[in-house]
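Below: one structure, written as structure tokens.
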Number of protein chains: 2
Amino acid sequence: MELNDRKLKILQAVVADFINSAEPIGSRTLSKRDDIDVSPATIRNEMSDLEEMGYLTHPHTSAGRVPSDKAYRLYVDELMSHSELSPEEKEVIKEKLDQGSEELDRTLEHASKVLSEMTNLVSFAVTPKEENKIKYINFLPVDETSVVLMIVCENGRVSNTAIRVGCPYTEENLTLMSKVATHNYSGQSVSNILTQDIMEEFERDLPQLTGMSSSVVPGFIKTLEKMLDVDLYVNGYKNVFALPEFNDVEKVKDVYDIVTNKDQFSQVLVNRDNGLVVTIGDENSPDLKDFALITADYRVNGKMVGRLGVLGPKRMKYDEVTSVIKYITDNMNNTFEIEGEVQDE
Amino acid sequence: MELNDRKLKILQAVVADFINSAEPIGSRTLSKRDDIDVSPATIRNEMSDLEEMGYLTHPHTSAGRVPSDKAYRLYVDELMSHSELSPEEKEVIKEKLDQGSEELDRTLEHASKVLSEMTNLVSFAVTPKEENKIKYINFLPVDETSVVLMIVCENGRVSNTAIRVGCPYTEENLTLMSKVATHNYSGQSVSNILTQDIMEEFERDLPQLTGMSSSVVPGFIKTLEKMLDVDLYVNGYKNVFALPEFNDVEKVKDVYDIVTNKDQFSQVLVNRDNGLVVTIGDENSPDLKDFALITADYRVNGKMVGRLGVLGPKRMKYDEVTSVIKYITDNMNNTFEIEGEVQDE
DNA sequence: TATTAGCACTCAAATAACACGAGTGCTAAC
DNA sequence: GTTAGCACTCGTGTTATTTGAGTGCTAATA
């Protein structure tokens, strides 16, 4: 059997209608649409064919049709409109993005928030497991019993931790320690440093400070390990409360479990392909089989520095959401690269 | 009418049973209890009196009795048992607490997590709006276009922000800037600094660096403002999914709104009395009228440095929860003060 | 006089019966 | 190839009925 034009039109209508209404679509409903001018009976025949071909399903005999994963896939790839965002929408997004642009290291987090606001879905941002190279390491005094360890990477990211030291120290000790650590590790990637016997190296190069080393090194290692973790920000969880498919506590809980199981979820996100990617239902891992996931990369100078996305029901406004995601990831670049861009008055 | 012994015993039984079962308690159920040996009819009479006195209510004529807020209050103040935690429970808590003890500045956050695990309720931690005094201020180089601002307070808290600078700088510039800023502001409280015209002061004392000042000062101010915010950590939200009173999406959403409306919720928490405080139903603000809130302070050297608590249904195991909270807040002190305490073998 | 057995009464919740209607599939006519 | 017509299906909503846990009241009891 072949997917002729009429079948495609009907399929497209079913998917579009279902995305809007979340209700199974019947033949009579479809026949009332302006763009379809055949009788319900004809539509029924076509729908029956489409079902046989795996594009539609039936919740039960006397219900309308619902799109299958295969139908969503076809819809996204071929059928849906690719409307541009209106200038007003663009303006709104631009404005929202700009509100968070001062906080350099929270750009991604902020963009994810904007994304959830624009799509009314659960959104997230994830930083890649990056092979950061250390620029320098600084131990700074706080009070008698604690110091701050500060690690600056070449890409500008900064981590710091407060560390309790077991013994008294002087500022000279700290300066020395900072110098030695920077000398030993600057230019190396974090994961590479972690393969070494850091404690031994500290003791070797700072034999007069073994007491301090023993209390500082574990914190140092912990901080490095933390730097290897991907950061995952989730926003707009409360949007699920408004979606009819989640009008049941179990479902709401499922989504909560997914987005709060950060290790597993970030794994899924990190392992995705680059670019704009849409995965629907069965295309995802089993725990996401009832969802659609859309992600896009955010790049600076061609290098991927983060991934942004939304999680929602398969019944998702794919065209709008992809437009918004694309616009945001493109525009974040501008926020970064072009400062003080000319504003049209 | 008077609250005689039998009334108290019955009331106590109703509250305790309801806390366990979440079901209205009938006279027959009560009469089967070992500690009550009067007939259902007698109990009915007593319950009727208790209802008249405002301690019990009736969902409807043919249902059992449910405790009122007044009953919970009496229960907490007079009726409930104050069982000590078992040595095993103490051991479990101690162990969990210890797992997070390295991360000095996350102690409170971690303790809140332990609290939610032990109580199966939503827990939170909040830091007081503190009048921190600045110890020193440091501007550190990251790359050509950005610096890190680091502010260390006398109490050991550290804040840092990445700031994009509009013009090239040298390390000497930064050192100078750090010195001037530290000289001008160390010893002062954050809120006090914010009352001053910081930009003017930078320009006055660093006339040769006006370009840098103009790009750095806004970030400096923003960081100071952020330091004034209270930090609120919420843990164990997913515990609400298991409670029968939240088997409805609306209710689940209500709790979510409460704990994610950080400004409002932290306001409620910050304004509480010191010490162990239990507020039930109407004793709370209207949006919390269906909940009970328990908080306790965590002190170091007598100074309150944080507040820990749980949010749950009024039907809460008050004795257990208060024991756990008390034990955690007491024990956090130990984690801090006494390092390497003798372990009993 | 306090307690309790007995009993009529109430009402939410569960169950059953039923009508409704949106939808289907099939057949025969156009 | 398309469509009108029709019997059939089945979820949904409505109403009636039953069930049972629980109450309040009264009268008997200790």
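The sequence lines fix the lettering, A, B, ..., with proteins before strands; numbering per chain opens at 1.
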Closest contact, heavy atoms only, A/Met316 versus A/Ile294: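 Heavy atoms of A/Met316 and A/Ile294 come nearest at SD-CD1, 3.6 Å.
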Once you round it to whole Å, what is the distance between [atom2] of [N] and [atom1] of [X]?
X: B/Glu52; N: D/dC25; atom1: CD; atom2: P; value: 11 Å
X: A/His60; N: C/dT24; atom1: NE2; atom2: P; value: 10 Å
X: A/Asn45; N: D/dG5; atom1: CG; atom2: P; value: 16 Å
X: B/Leu50; N: D/dT23; atom1: CG; atom2: P; value: 12 Å
X: B/Arg44; N: D/dG22; atom1: CZ; atom2: P; value: 10 Å
X: B/Ile43; N: C/dA5; atom1: CD1; atom2: C1'; value: 14 Å
X: A/Asp49; N: C/dG25; atom1: CG; atom2: P; value: 10 Å
X: A/Leu30; N: D/dT2; atom1: CG; atom2: C1'; value: 17 Å

Sub-4.5 Å side-chain heavy-atom contact between A/Tyr318 and A/Ile19: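 Yes, at least one pair of side-chain atoms sits under 4.5 Å.
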Sub-4.5 Å side-chain heavy-atom contact between A/Leu115 and A/Asn235: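 Not in contact.
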Basic-acidic side-chain contact under 4.0 Å: A/Asp17, A/Arg33: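 Salt bridge flag = yes for A/Arg33 with A/Asp17.
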Salt-bridge criterion met for A/Glu245 and A/Lys251 (N-O under 4.0 Å):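 Salt bridge flag = no for A/Lys251 with A/Glu245.
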To the side chain of [X], which of [options] is closest?
X: B/Thr61; options: C/dT24, C/dT10, C/dT4; value: C/dT10
X: A/Arg65; options: D/dG11, C/dT4, C/dG25; value: C/dG25
X: B/Ala41; options: C/dA12, C/dT4, D/dT23; value: C/dT4
X: B/Ser27; options: D/dT23, D/dG11, C/dT4; value: D/dT23
X: B/Thr42; options: C/dT4, D/dT23, D/dA21; value: C/dT4

N/O (side chain, [X]) to phosphate O (OP1/OP2, [N]) under 4.0 Å:
X: B/Ser62; N: D/dG20; answer: no
X: A/Arg6; N: D/dG1; answer: no
X: B/Arg28; N: C/dA5; answer: no

Contact nearer the 5' end of DNA chain C, comparing B/Glu46 with A/His58: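 Comparing both residues, the 5'-ward one is B/Glu46.
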5'-most by nearest nucleotide on DNA chain C - B/Val38 or B/Pro59: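 Its nucleotide being nearer the 5' end, the pick is B/Val38.
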